[in-house]
Amino acid sequence: MLQTSGLTLHYGGSQILHGIDFSAKPGEITCIMGPNGVGKTSFLKALAGTHPRSGGTITLNGSSLAVCRPQEMARRGLSVVPQGRMIFPLLSVRENLETAFAVLPRSEHQIPDEVFTLFPILKDFLHRRGGDLSGGQQQQLAIARALIMRPKVLLLDEPTEGIQPSVIQQIGHVLTYLKDKGDMAIVLVEQYFEFAYGLADQVYVMRRGAMSLGGAASSFDKSELRQAVSV
């Protein structure tokens with residue numbers, strides 16, 4: 001389980017996150033929803049160590065994590081699919097995937113066959129440059145790269161943004177498959193309501209840097225939740 005208690009974050013003199021209490025369990029998809037600018041991406045950055053938290057605790061599998069640099073958080077089991085994908089445009093697909101080896105012991109420096117089972121197009125494009133892929137193919141590459149790190153927690157930031165419907169559907173199938181394996185907690189930040197609601201086991205709604213709602217997705221009326229997310 002990933003858990004935060006009283007998590008705060010500042011950008012300079014501005015407080016962005018206000019005492020976030022949050023949890024995500026293995027074998028579940030936990031969705032964080034809310035309008036633009038409420039702190040969703042900042043929360044993922046605090047979890048991943050790309051912007052050090054100001055206060056509060058992060059606990060992974062019962063162990064409290066100190067404020068660590070991103071590579072150390074990745075070694076401890078938090079893998080991120082960032083907004084905008086952030087693949088390396090001049091590297092080949094294979095080389096992009098192999099960047100994940102940086103957080104793995106040398107004995108694990110191989111691309112699992114499962115990656116190509118989930119994303120067959122990547123096997124066909126191994127020698128193609130990342131920048132030559134479509135947006136949907138780049139998103140598949142970003143998710144595959146994150147999976148190579150063998151995460152305990154997979155963090156995804158707006159994975160449907162700018163993606164064609166067929167690839168969105170494929171990503172949904174992949175996340176469901178990963179959830180059903182039961183050994184990974186999936187945290188999904190998403191504004192595409194139907195996609196998020198259709199996948200979510202647990203839902204949190206963010207408002208002004210704080211969690212305004214949280215609980216099992218089945219406990220919320222769909223129309224009321226949609227209104228809470230959009231207002």
Side-chain angles (χ1 to χ4, degrees), residues 1-2 22-33 40 44 47-48 60-61 73-74 76-87 93-94 96-101 103-104 108-126 130 133-204 216-218 222:
M1 177 187 288
L2 172 72
F22 171 87
S23 66
K25 298 178 182 179
E28 291 188 352
I29 297 176
T30 302
C31 289
I32 304 172
M33 302 189 220
K40 303 186 300 296
L44 290 195
L47 292 177
L60 180 63
N61 286 343
M73 296 298 274
R76 290 172 180 262
L78 277 79
S79 192
V80 185
V81 181
Q83 189 174 25
R85 300 178 281 276
M86 293 179 66
I87 57 97
V93 166
R94 179 184 292 279
N96 268 277
L97 294 173
E98 290 176 346
T99 61
F101 294 169
V103 300
L104 298 174
E108 296 180 16
H109 285 193
Q110 59 259 343
I111 302 171
D113 291 338
E114 182 183 50
V115 164
F116 300 124
T117 301
L118 296 174
F119 303 111
I121 194 69
L122 298 182
K123 190 170 186 178
D124 297 334
F125 289 171
L126 278 175
L133 303 183
S134 70
Q137 291 161 355
Q138 289 183 4
Q139 189 63 274
Q140 293 175 71
L141 176 57
I143 296 172
R145 178 179 59 187
L147 294 178
I148 290 172
M149 298 181 195
R150 295 163 175 77
K152 299 180 179 72
V153 179
L154 180 64
L155 310 173
L156 301 106
D157 194 358
E158 305 280 3
T160 69
E161 185 177 35
I163 303 301
Q164 59 268 42
S166 61
V167 178
I168 291 175
Q169 186 178 46
Q170 182 188 12
I171 290 171
H173 292 326
V174 167
L175 296 184
T176 299
Y177 165 80
L178 295 172
K179 177 188 82 166
D180 290 344
K181 289 179 69 176
D183 58 358
M184 182 188 302
I186 299 171
V187 179
L188 173 64
V189 166
E190 185 56 64
Q191 290 203 74
Y192 179 9
F193 180 84
E194 292 296 335
F195 178 79
Y197 186 80
L199 290 174
D201 298 289
Q202 302 290 325
V203 171
Y204 286 84
S218 59
K222 185 176 180 179

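Since this is a predicted model, take the numbers as computed values, not measurements. The first residue of the sequence shown is numbered 1, and numbering continues consecutively from there.
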Candidate pair F116 and D124, rule side-chain contact (heavy atoms from CB on, under 4.5 Å), full reasoning | CA-CA 9 Å; F116 300 124; D124 297 334; over 6 Å; no
Answer whether the closest heavy-atom distance between the side chains of L175 and L156 falls below 4.5 Å.
-> yes
Interatomic distance, CD1@I32 vs NZ@K40, rounded to 0.5 Å, equals 9.0 Å
Between CZ on residue R85 and CD on residue E161, distance to nearest 0.5 Å = 7.5 Å
A216 backbone acceptor or donor facing Q202 side chain under 3.5 Å = yes
Output for pair (I163 CD1, F195 CZ), nearest 0.5 Å, gives 10.5 Å
Enter the distance from L154:CG to S79:OG here, rounded to the nearest 0.5 Å.
-> 6.0 Å
Dump the intermediate steps for salt bridge (charged side-chain N to carboxylate O under 4.0 Å, His left out) on K179 and D201, then the final yes or no.
-> CA-CA 10 Å; K179 177 188 82 166; D201 298 289; 3.6 Å; yes
Roughly how far, to the nearest 0.5 Å, is the CG atom of L44 from the CG atom of D157?
-> 5.0 Å
Do side-chain atoms of Y204 reach the backbone of S23 as a donor and acceptor pair under 3.5 angstrom?
-> yes
Closest heavy-atom pair and its distance - A146, V81 = CB-CG2, 3.7 Å
Mark yes or no for whether Q170, through its side chain, and L118, through its backbone, hold a donor-acceptor pair below 3.5 Å.
-> yes
Atom CE in M184, atom CG in L2: separation rounded to 0.5 Å?
-> 13.0 Å
Does some side-chain heavy atom of L47 sit less than 4.5 Å from a side-chain heavy atom of V80?
-> no
If you draw a 6.0 Å radius around CG in D180, do more than 12 non-hydrogen atoms from other residues or ligands fall strictly inside?
-> yes
All heavy atoms of A144 vs all of L97, minimum pair found to be CB-CD2, 3.8 Å
Taking every heavy atom of K222 against every heavy atom of F193, the minimum-distance pair comes out as O-CZ, 3.7 Å
Shortest non-hydrogen contact from L199 to G172?
-> CD2-O, 3.8 Å
Do any N or O atoms from the side chain of E190 and from the backbone of Y192 form a donor-acceptor pair under 3.5 angstrom?
-> yes
Main-chain N/O of I143 paired with R145 side-chain donor or acceptor, under 3.5 Å = no
If you look at every heavy atom in Q137 and F125, which pair is closest and at what distance?
-> NE2-CE1, 3.5 Å
State, to 0.1 Å, how close Y177 and E114 come at their nearest heavy-atom pair, and which atoms those are.
-> OH-OE2, 2.6 Å
Can you tell me if Q139 uses its side chain to pair, donor with acceptor, with the backbone of T160 under 3.5 Å?
-> no
So L141 and F119, side-chain contact (heavy atoms from CB on, under 4.5 Å) or not? Walk me through it.
-> CA-CA 8 Å; L141 176 57; F119 303 111; over 6 Å; no
